[in-house]
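Reviewing the structure listed below.
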Amino acid sequence: MNDSLKKLCVKIVETDGLAACLDKSLKGRSKEICDEYGVKAAASAKKADLAEKAEAAVMEGAKAFLAGEGRAYADSFGEIAVGGARIQDDSDEKIMTLYRRGLVFFAEDGDAAKVIVPADIRDIASGAAHSHTSSKEAISEALEITPEERNTHRSEVQKKEADTDRTVQETEIIRYARSLSNIYGVYPVTQLKQVLDMNYGKALSPNEIMDALEKVGAEDHIYIDNKYVVSDLLPDPEAYNVILGSLQQGDTYYVVNKEEIDEYDEGVILDDGITYKFFRNYLIRKTGSEEKADEVMMAFFMAAMRDSAPAVLLEISVDHGIKFDDSDDFNSLISLYTNWYYGLHTWFCKGYKPEMLIIDKMQTRNIKLPANVNPMKHVKVGRNDKCPCGSGKKYKACCGRD
C-alpha cells in the first residue's frame with residue numbers, strides 16, 4: 001500500500017456507525033470534513049467534540065447530496081458495502097468523492113484499502129435509491145402480500161410479459177436465473193454468470209446473458225432491477241433492500257451445483273428433514289390443521305430468508321392465531337425455528353446454510369439463540385425419548401414414524 005493511501009486509513013470495522021468512524025479518524029481529517037460542510041470549530045477542539053459536530057453536518061449534507069447531485073451514487077453504497085470494494089491507490093475518483101464528503105472510510109486490508117460504508121450512511125443512501133422503509137415494515141408488507149396483489153406492488157419492468165421467442169440457450173439462462181433466485185433471493189447478474197460458467201458447459205458472454213434476461217417476464221417468477229436478479233417473492237425494491245442491507249462486507253455467494261439448479265427450478269424448498277418435521281408438527285398442534293400449519297410455515301420461511309428478529313416471529317405467530325402458554329412455550333418455538341432455518345439455504349447468508357458458517361458469526365445476527373440451542377451440534381434422539389416437537393409423545397410414535 002502506498003504511503004498516501006495508508007495515511008487515509010483508519011482503524012474501523014464494518015459494523016461501525018458514522019460517529020465511530022469519525023471519532024477514530026485523524027483530527028485533521030475530521031476538520032476537513034467539517035470544512036466540507038461549513039461547520040465552525042475551534043482549532044483546539046477535542047477530537048470527540050469535532051467528530052460529534054462532523055457527524056451532524058455529514059448526516060445533513062449526505063441527505064441533501066444523495067437527494068440531489070449525488071443521487072447517481074445512491075445505488076453504489078449497497079454494492080460497496082456488500083461487495084467489499086478494494087482500492088489500491090487514490091485514483092478511483094468516485095470513491096474519493098464519497099470519502100472527501102465523509103460518506104465512506106478506508107481500513108487497511110493487506111496491500112490495499114477496504115472501503116467501509118457506515119451503517120447510518122447506507123440507510124440514507126438506501127432511502128435515496130428506493131424510498132426507504134424500515135426492515136420491519138418491509139418484512140410485514142412482504143409477508144402479507146398475496147400473489148394476486150403482487151402486480152400492484154411491482155414496477156413496470158416486473159409486470160411485463162415474457163418474450164416467448166427464446167432460443168434454447170436463452171431458456172436455459174433464464175432457468176438458471178430462476179433457480180438461483182430461490183437460493184439467493186436477490187443477487188447480481190455477475191453471480192449468475194459465475195454459476196453458468198461453472199455448470200452450463202459453455203462460456204457465455206455478458207451480452208448473451210443480458211440478452212436472455214431482457215426476455216424475462218412475470219411468469220418466470222423473477223424480475224431484473226438494474227444489475228440485480230430478484231425473486232418475485234420480494235415484491236418491490238423496499239423489500240429486497242432488506243436483504244441487501246443485511247449482507248456483510250466480504251461475504252461470498254454459496255457455490256450452486258447443477259443438481260441444485262435442477263432441484264430449485266420449481267421454487268423455494270422448505271426442506272423435509274427432521275428439523276422441518278419437528279417444527280411443522282409443533283405448528284400443526286398450535287394451529288389445529290396441516291393447511292394452517294403450512295401457511296404459517298411459509299410465513300416463517302420468508303422471515304428466515306430476511307433474518308427477522310424474534311419480535312417479528314412473535315408478530316407472525318399472533319397474526320396466525322398462535323397462542324403461547326408461557327415464555328417457555330415461545331422459547332420452544334424459537335428453538336424449533338432456529339434449528340430448522342439453520343439448515344436452509346438462506347437469502348441473508350447469500351445462499352449458504354447458516355450451519356455451514358461459523359457459529360460466532362451467526363450469533364451476531366438478529367436471532368438470539370436460546371441457551372439450550374446449538375444448531376451446529378446435532379443431538380441424536382432415541383426412539384423412546386420424548387419427541388423434540390413438544391407433543392409429549394415418544395419420538396418413535398411422533399416425528400420418528402416412517
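Numbering starts at 1 and runs along the sequence shown. Basis for what follows: all heavy atoms, side chains included, without hydrogens, waters or symmetry-related copies. Everything numeric in this text was worked out from a predicted model, so none of it was measured.
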Roughly how far apart are [X] [atom1] and [Y] [atom2], rounded to 0.5 Å?
X    : Y    : atom1 : atom2 : answer
R178 : E219 : CZ    : CD    : 10.0 Å
T287 : M297 : OG1   : CE    : 11.5 Å
L213 : I222 : CG    : CD1   : 6.5 Å
D211 : L204 : CG    : CG    : 11.0 Å
Y395 : D385 : OH    : CG    : 10.0 Å

According to salt bridge (Lys or Arg N to Asp or Glu O under 4.0 Å), who are the partners of [X], at least two apart in sequence or on a separate chain?
X    : result
E172 : R175
D329 : K286
K386 : none
R166 : D220

With the side chain counted from C-beta on, respond yes when [X] and [Y] share a heavy-atom pair under 4.5 Å apart, and no when they do not.
X    : Y    : answer
W347 : M302 : yes
I209 : L196 : yes
I224 : V230 : no
L283 : F300 : yes
C399 : P388 : no

Any donor-acceptor pair under 3.5 Å linking the side chain of [X] with the backbone of [Y]?
X    : Y    : result
R383 : G400 : no
S391 : C387 : no
T346 : L344 : yes
H320 : V296 : no
E208 : S205 : yes

Subject >> Residue pairs passing the side chain to side chain donor-acceptor pair (under 3.5 Å) test where at least one lies in residues 189-198, sequence neighbours excluded >> reply: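 Sorted result for residues 189-198: Y184-Q191, K193-D197.
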
Subject >> Between Y254 and E260, a side-chain donor and acceptor under 3.5 Å >> reply: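 Side-chain D/A pair, Y254 to E260: present.
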
ring-ring contact (aromatic ring centres under 6.0 Å, His included) with [X]: which residues, sequence neighbours excluded?
X    : result
Y200 : none
F330 : F324
F106 : Y99

Any residue meeting side-chain hydrogen bond (donor to acceptor under 3.5 Å, both in side chains) with [X], in chain and number order, not counting sequence neighbours:
X    : result
R280 : E290, D294
E55  : none
Y276 : none
K323 : none

**OP:** Could you tell me whether E263 atom CD has more than 12 heavy atoms of other residues or ligands within 6.0 Å of it?
**Re:**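 Yes, enclosed.
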
Would you name the heavy atoms of [X] and [Y] that are closest together and state the gap between them?
X    : Y    : value
A303 : I316 : CB-CD1, 3.7 Å
Y187 : S181 : CE2-N, 3.6 Å
S179 : D265 : OG-CA, 3.2 Å

**OP:** Run the salt-bridge test on E295 and K292 with the 4.0 Å N-O cut-off and return the result as yes or no.
**Re:**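 A salt bridge is absent here (no side-chain N lies under 4.0 Å from a carboxylate O).
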
**OP:** May I ask you to decide if the ring planes of F279 and W340 are parallel, tilted or perpendicular, using 30° and 60° as cut-offs?
**Re:**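 Judged by the thresholds at 30° and 60°, the geometry between F279 and W340 is tilted.
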
**OP:** Look at the aromatic rings of Y341 and Y337 and report parallel, tilted or perpendicular, splitting at 30° and 60°.
**Re:**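 Tilted.
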
Original post:
Please walk me through it: do S289 and I284 pass side-chain contact (heavy atoms from CB on, under 4.5 Å)?
Top reply: CA-CA 5 Å; S289 76; I284 290 172; over 6 Å; no

**OP:** Output, in order, the C-alpha distance, side-chain angles, deciding distance and verdict of side-chain contact (heavy atoms from CB on, under 4.5 Å) for V58 and L103.
**Re:** CA-CA 8 Å; V58 168; L103 304 184; 3.9 Å; yes

**OP:** Show the numbers, then the answer: is there a side-chain contact (heavy atoms from CB on, under 4.5 Å) between V268 and M298?
**Re:** CA-CA 10 Å; V268 295; M298 188 60 188; 3.9 Å; yes

**OP:** For the pair N199 and Y176, evaluate side-chain contact (heavy atoms from CB on, under 4.5 Å) and give the outcome as yes or no after the intermediate values.
**Re:** CA-CA 10 Å; N199 293 303; Y176 267 72; 3.4 Å; yes

